[in-house]
Amino acid sequence: MSALLPPVPADGNIPLHLAIIMDGNGRWAQRRRRPRIIGHRAGARTVNLVVDFCLEKGIRTLSLFAFSSENWGRPQDEVSALMKLFMNALEREVDELHRRGVRLRFIGDRTRFPDAIRERMAAAEAMTAADTRLNLVIAASYGGRQDIVQAARSLAVDIQAGRLRPEDIDESALASRIALSDLPLPDLFIRTGGEYRISNFMLWQLAYTELWFTDALWPEVDNAVLQQALDDYAQRERRFGLTSAQILEKPA
Ligand code: FPP
């Protein structure tokens with residue numbers, strides 16, 4: 001099977017790569033008549049719960065959409081509060097993640113973050129670079145279209161420099177320059193908060209990913225919700241554009 005398609009996981013049931021849009025923090029807080037940032041704080045606790053769940057289930061990569069390129073346009077006090085929350089999480093959680101074998105990676109335009117956060121991101125990536133139990137990918141200041149644009153630009157640079165010919169550009173060439181090209185593509189995508197959108201998250205990478213949506217707001221997510229998603233995923237037949245019969249006759 002081509003490297004452009006997600007590999008079928010060894011036991012066929014557990015996704016190797018889970019990608020999540022963590023939606024609903026603001027509404028969770030508003031329903032309690034609390035400021036939105038209280039919802040984001042509760043959401044940060046759910047991040048820990050999901051990491052535990054992935055470690056327990058043997059999921060190898062967890063990608064979380066923490067902050068989109070569009071989220072910079074939110075009210076200034078919410079953006080500042082989120083920056084503070086990211087900084088605190090980087091200060092408090094990284095040692096423990098490292099101890100548990102979690103490798104941290106950040107995707108997105110980090111030039112837009114304050115220096116202190118960028119330094120912490122780089123330090124967290126360096127500290128956990130050799131950890132192999134779980135890849136924890138945080139998409140921050142990330143946009144899927146921008147990801148494709150930077151890949152296209154990098155191909156153009158190589159063509160201009162004479163390292164590549166236009167006829168060498170195929171899906172694999174582009175895929176190799178998209179974020180996380182060294183990791184298996186997402187098998188399962190979850191969005192919480194009752195919205196049925198991909199919202200510019202990993203547009204290229206999600207082409208053949210199974211999609212699962214829940215009305216649960218992100219701070220409400222618990223192991224039972226995650227298990228529901230996994231159970232549903234285990235029932236799906238992934239055909240990658242082929243027929244059911246072709247998939248069934250494919251050698252293991
Ligand atoms: C979407 O909910 C959530 C965000 C824009 C921020 C996500 C941040 C966290 C879960 C907290 C910390 C994360 C890390 C990685 C430490 P929303 O605000 O759009 O909710 P709404 O749709 O109810 O308004």
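When a ligand or atom number is given, it counts from 1 through the structure's own listing order.
Each of the atoms 1 (C), 2 (O), 3 (C), 10 (C) of ligand 1 lies under 4.0 Å from some heavy atom of Met22.
The distance criterion of under 3.5 Å between nitrogen or oxygen atoms is not met by Trp218 with respect to ligand 1. Residue Phe65 places no N or O, backbone or side chain, under 3.5 Å from any N or O of ligand 1. For Trp28, no nitrogen or oxygen atom sits less than 3.5 Å from a nitrogen or oxygen atom of ligand 1, counting backbone and side chain alike. No N or O atom of Asn71 sits closer than 3.5 Å to an N or O atom of ligand 1.
In summary, Arg105 and Asp182 engage in a salt bridge, as defined by a charged side-chain N under 4.0 Å from a carboxylate O. A salt bridge is absent between Arg99 and Asp95: the closest approach of a Lys/Arg side-chain nitrogen to an acidic carboxylate oxygen does not fall below 4.0 angstrom.
The minimum heavy-atom distance linking Arg177 with Gln150 is given by the pair O-NE2, 2.9 Å. Residues Ala124 and Leu104 come closest through the heavy atom pair CB-CD1, 3.9 Å.
Just one of Val137, Ile178, Ile138 meets the side chain to side chain contact (heavy atoms under 4.5 Å, CB included) condition when paired with Ile107; it is Val137. Of the candidates Thr128, Asp131, Asp52, Asp52 is the only one forming a side-chain hydrogen bond (donor to acceptor under 3.5 Å, both in side chains) with Arg100.
The proximity of Arg45 to ligand 1, defined as any non-hydrogen pair under 4.0 Å, does not occur for either the backbone or the side chain. At a 4.0 Å heavy-atom cut-off, ligand 1 does not touch Arg41 at all.
Protein heavy atom closest to atom 13 (C) of ligand 1, with residue, atom name and distance, is Phe86 CE2, 3.9 Å. Residue, atom and distance of the protein heavy atom nearest to atom 11 (C) of ligand 1 are His40 O, 3.5 Å. Given atom 16 (C) of ligand 1, the protein heavy atom at minimum distance is Ala89 CB, 3.7 Å. Given atom 22 (O) of ligand 1, the protein heavy atom at minimum distance is Asp23 OD1, 2.9 Å. Here the protein heavy atom with the shortest distance to atom 9 (C) of ligand 1 is Asn25 ND2, 3.7 Å. Nearest non-hydrogen protein atom to atom 15 (C) of ligand 1 is Ile138 CD1, 3.9 Å. Of the protein's non-hydrogen atoms, Arg74 NH2, 2.8 Å is the one closest to atom 19 (O) of ligand 1. Regarding atom 7 (C) of ligand 1, its nearest protein heavy-atom neighbour is Ala66 O, 3.3 Å.
In this structure, Phe213 and Leu211 have side chains that are in contact, with non-hydrogen atoms separated by less than 4.5 Å.
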Salt bridge (charged side-chain N to carboxylate O under 4.0 Å, His left out) evaluation trace for Arg163 with Asp158: CA-CA 5 Å; Arg163 290 187 290 267; Asp158 278 1; 2.7 Å; yes

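A salt bridge (charged side-chain N to carboxylate O under 4.0 Å, His left out) check over residues 142-156, counting only residues at least two apart or in different chains, returns nothing.
Between the side chains of His40 and Glu78, a donor-acceptor pair is found at a separation under 3.5 Å.
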